[in-house]
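Have a look at the structure below, then the notes.
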Amino acid sequence: MTEQTQIDECFMQQALALAEHAADAGEVPVGAVVVLDGEVIGEGWNRPISGHDPCAHAEIMALREAAARVENYRLPGAELYVTIEPCTMCAGAIVHARIARVVFGATEPKAGAVISNAHIFDQPWLNHWPEYTGGVLAEQCSERISAFFRERREQKRRARAASAQP
């Protein structure tokens, strides 16, 4: 295992821990950290439902905190670690923030915009192209989200069964 792989897995573990905050709030369990010079400068987890904010994805929350901390909306040299492949909105924010590298866990076949669908970071019309690495702790990241949706489906089944009781 290379040193970079160890570093990536360490920060992804931190992102997975943050995903639990989202799960505890009934949100899709996604977590993210922004790292600059080996130090976490921003953390985030999904909060669109509880925050009544369609933009409150984990990546956006982590970018907001990091930008506030360094007092600049640009974060050159920073890396973003997130448990699932960013969507189009988050990929756009990553480009605007000038994030140097994105590391994600699980791919997102429906809404992922890095490698699954739009390939945002590879578009020639952009003025910044972050490096990206996918699949870091992918199994753990994928299982956390899958478990969340399994639990949610089971809760709905139990609620339907309870309402059908005479």
Side-chain angles (χ1 to χ4, degrees), residues 4-108 110-122 126-145 147-148:
Q4 186 61 58
T5 301
Q6 290 176 328
I7 291 167
D8 288 351
E9 287 184 2
C10 178
F11 286 122
M12 190 61 71
Q13 287 289 356
Q14 291 183 39
L16 275 163
L18 291 168
E20 291 308 310
H21 293 298
D24 292 344
E27 303 270 7
V28 176
V30 178
V33 295
V34 176
V35 176
L36 183 62
D37 299 326
E39 178 187 349
V40 174
I41 61 168
E43 297 181 334
W45 57 89
N46 271 3
R47 299 183 227 183
I49 298 166
S50 59
H52 310 290
D53 180 355
C55 298
H57 288 193
E59 299 95 310
I60 301 295
M61 304 309 290
L63 290 170
R64 286 176 180 166
E65 185 173 286
R69 184 161 180 196
V70 300
E71 298 181 337
N72 192 340
Y73 73 105
R74 298 268 166 92
L75 301 165
E79 298 175 302
L80 183 138
Y81 292 82
V82 61
T83 56
I84 194 164
E85 179 182 1
C87 69
T88 304
M89 174 185 69
C90 294
I94 289 163
V95 168
H96 286 294
R98 303 298 193 265
I99 294 293
R101 180 170 175 253
V102 175
V103 179
F104 62 90
T107 56
E108 213 311 359
K110 292 180 182 177
V114 177
I115 63 172
S116 294
N117 294 298
H119 303 270
I120 295 293
F121 298 154
D122 297 325
L126 292 175
N127 59 355
H128 176 72
W129 301 272
E131 293 179 25
Y132 54 89
T133 301
V136 175
L137 301 182
E139 191 173 313
Q140 289 173 278
C141 294
S142 180
E143 177 52 34
R144 183 61 197 101
I145 290 174
F148 173 82

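No experiment lies behind these values; they were computed from the predicted model shown.
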Might you point out which heavy atoms bring [X] and [Y] nearest each other, and give the distance in Å?
X     : Y      : answer
Pro48 : Pro54  : CB-CA, 4.4 Å
Gly26 : Phe148 : O-CZ, 3.7 Å
Glu85 : Ile115 : OE2-N, 2.7 Å
Glu27 : Ser50  : OE2-N, 2.6 Å
Ala91 : Pro86  : N-CB, 4.2 Å
Gln14 : Val40  : OE1-CG2, 3.3 Å

Hey, does [Y] have a side-chain heavy atom less than 4.5 Å from the side chain of [X]?
X      : Y      : value
Ile84  : Cys141 : no
Leu80  : Leu63  : yes
Glu20  : Arg144 : yes
Ile60  : Cys90  : yes
Glu39  : Arg69  : yes
Leu18  : Thr83  : no
Val114 : His119 : no
Tyr81  : Glu9   : no

How many angstroms lie between [atom1] in [X] and [atom2] in [Y], if you round to the nearest 0.5 Å?
X     : Y      : atom1 : atom2 : value
Glu79 : Tyr132 : CD    : OH    : 16.0 Å
Glu43 : Met61  : CD    : CE    : 12.0 Å
Met89 : Ile94  : CE    : CD1   : 10.0 Å
Cys87 : Asn117 : SG    : CG    : 11.0 Å
Arg47 : His57  : CZ    : NE2   : 12.5 Å
Arg98 : Arg74  : CZ    : CZ    : 3.5 Å

Hey, is [atom1] on [X] packed in by over 12 heavy atoms from elsewhere, all under 6.0 Å?
X     : atom1 : answer
His21 : NE2   : yes
Gln4  : CD    : yes
Asp37 : CG    : no

For side chain to side chain contact (heavy atoms under 4.5 Å, CB included), just list the numbers for Phe121 and Val95, CA-CA rounded to whole Å, side-chain angles, deciding distance to a tenth of an Å, and then say yes or no.
CA-CA 8 Å; Phe121 298 154; Val95 168; 3.9 Å; yes
Apply the test side chain to side chain contact (heavy atoms under 4.5 Å, CB included) to residues Glu65 and Val34: give CA-CA distance (whole Å), side-chain angles for both, the deciding distance (0.1 Å), then the verdict.
CA-CA 9 Å; Glu65 185 173 286; Val34 176; over 6 Å; no
Between the side chain of Asn46 and the main-chain N/O of Ala58, is any donor-acceptor distance below 3.5 Å?
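Yes; at least one donor-acceptor contact below 3.5 Å.
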